[in-house]
Amino acid sequence: MPELAEVEYYRKQWQPAISQCITGVYLNASKRVFRGIDSEALRRDLVGEAFTDSSTHGKQMCFRFGTKHWLGVHLGMTGKTHILKPGETPDKHDHLVLHMSSGASLVFTDPRMFGRILYSNTKGKPSWWAMLPPEILSTDFTLEYLSRFLERRRKSPIKAVLLMQETFPGVGNWMADEILWRSRIHPKTKAGDLSTHKRRELYQRTQEVSRDALEVIGTDWSTPPDHWLFNHRWKDGGMCPQTGVPLKREQIGGRTTCWSPKWQSLQLH
DNA sequence: CTATTTGTTTATCC
DNA sequence: AGGATAAACAAATA
């Protein structure tokens, strides 16, 4: 499920264990979520270290232990984090379990295993945590920056462009649809065909949807209000909250896309 | 049985 | 070279 707000929600799930020490690490190195990393080092080095910090960047999470242990968690399509109370046992898809000094355990679970664990033992930020694009709500995410990217991806449908993490870190399928609906832009519009006005609209709605999502979902996973597209977009038969007309659903940019005909008009150059 | 899934990486073609 | 597109990954759910 995870886009930027859901990722923020899942980051917070481990917070009750902040400042506790790791007393043991359970993992199964053969699971796909550990692809490309030294999971044996992770298991060996983390024991005895204290949980010192956590943060997110788009869909990436970073948990710090001591001063030089960096644990990256990407939730993929079905990843989750939660805490196991003392005495509770992990289930089939709990791929990483950190036993803490309180007796509780920090768990990363992911049935589909599109998620990924990263680990570095370095004094400063590892590259996977340092080499990241500007966040959508940062001051470096400007209209000019956004416009340059739209020009570079001018031949692609705007829906596909919004899903590109190199410039829209944390935007996923539902956020992209919400942004385009609020901007009144048809998802099939080529990125290069957006007028100056529509580019500004897209910029402002992208920041707005990020803020709204963090406030409503990122805080306590509340259900968004019915005046968002969110509650209407998931299955066939939904109605546009603005026009009352049935929403359309179709594959665009390889993903199921929902939009409101008439409300979102196709821009042509 | 089929089709679907809030994501990313890789291969292939242009 | 860089961009566009589709397939692959894997398991649950309807």
Side-chain angles (χ1 to χ4, degrees), chain A residues 1-11 13 28 30-37 56-61 72-81 91-96 108-118 127-129 131-133 136 148-182 187-193 206 209-210 212-214 216-218 221-224 228-238 247-259:
Chain A
M1 318 188 165
E3 303 181 24
L4 108 185
E6 292 88 349
V7 170
E8 169 60 11
Y9 175 83
Y10 282 120
R11 177 193 67 80
Q13 300 311 298
N28 180 346
S30 70
K31 296 294 186 177
R32 209 178 92 98
V33 295
F34 298 106
R35 60 196 178 279
I37 69 155
T56 67
H57 185 294
K59 296 175 189 171
Q60 183 66 50
M61 291 188 276
V73 178
H74 193 295
L75 299 171
M77 197 82 104
T78 53
K80 291 178 170 153
T81 50
D91 78 21
K92 186 176 167 189
H93 302 298
D94 294 347
H95 308 305
L96 176 65
F108 166 66
T109 190
D110 184 10
R112 237 169 128 183
M113 294 193 286
F114 288 2
R116 173 169 228 167
I117 297 294
L118 298 170
S127 60
W128 55 263
W129 188 237
M131 309 284 278
L132 294 164
I136 288 165
R148 277 195 299 277
F149 188 67
L150 296 182
E151 187 51 29
R152 179 143 72 91
R153 302 296 182 151
R154 72 186 86 91
K155 298 280 189 54
S156 292
I158 188 63
K159 168 63 188 272
V161 173
L162 279 172
L163 293 174
M164 294 176 182
Q165 301 300 296
E166 60 187 287
T167 302
F168 298 97
V171 173
N173 207 24
W174 82 253
M175 283 184 71
D177 285 357
E178 186 79 34
I179 291 164
L180 292 173
W181 177 74
R182 293 194 194 184
K188 283 184 186 167
T189 308
K190 301 279 189 235
D193 289 347
T206 298
V209 169
S210 297
D212 287 354
L214 284 168
V216 173
I217 295 168
W221 209 298
S222 300
T223 303
W228 295 17
L229 178 66
F230 185 94
N231 291 337
H232 311 271
R233 68 173 294 282
W234 300 101
K235 51 190 187 312
D236 288 338
L247 295 162
K248 290 215 163 183
R249 290 159 59 79
E250 198 180 304
Q251 289 265 338
I252 302 174
R255 308 296 299 279
T256 297
T257 298
C258 177
W259 77 95

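In what follows, every chain begins at residue 1, and chains take the letters A, B, ... in the order their sequences are listed.
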To the nearest Å, give me how far apart [atom1] ([X]) and [atom2] ([N]) are.
X	N	atom1	atom2	value
A/Trp234	B/dT4	CH2	C1'	13 Å
A/Phe149	C/dA4	CZ	C1'	12 Å
A/Lys80	C/dA11	NZ	P	16 Å

Closest to the [X] side chain: [options]?
X	options	value
A/Arg255	B/dG7, C/dA11, B/dT5	B/dG7
A/Arg32	C/dA12, B/dT5, C/dC9	C/dC9
A/Lys155	C/dA12, B/dG7, C/dA4	C/dA4
A/Arg153	B/dG7, C/dG3, B/dT9	C/dG3
A/Gln251	C/dA12, B/dT9, B/dT5	B/dT5
A/Ser156	B/dT9, C/dA12, C/dT5	C/dT5
A/Thr256	B/dT5, C/dA11, B/dG7	B/dT5

Taking only side-chain nitrogens and oxygens of [X], does any of them come within less than 4.0 Å of OP1 or OP2 of [N]?
X	N	result
A/Lys92	C/dA12	yes
A/Gln165	B/dT8	yes
A/Arg152	C/dG3	yes
A/His74	B/dG7	no

How are the rings of A/Trp221 and A/Tyr10 set relative to one another: parallel (under 30°), tilted (30 to 60°) or perpendicular (over 60°)?
-> perpendicular

Scan A/Gly254 against the nucleic acid and name what it touches under 4.0 Å (heavy atoms): base, sugar-phosphate only, or nothing.
-> nothing

Go through the steps to decide whether A/Ile217 and A/Trp174 satisfy the test side chain to side chain contact (heavy atoms under 4.5 Å, CB included), and finish with yes or no.
-> CA-CA 13 Å; A/Ile217 295 168; A/Trp174 82 253; 3.6 Å; yes

May I ask whether A/Phe114 stacks on the base of B/dT8, given the cut-offs of 5.5 Å between ring centres and 30° between planes?
-> no

Determine, for A/Trp228 and A/Arg233, whether the Lys NZ or Arg CZ falls below 6.0 Å from the six-membered ring centre while staying within 45 degrees of the axis.
-> no

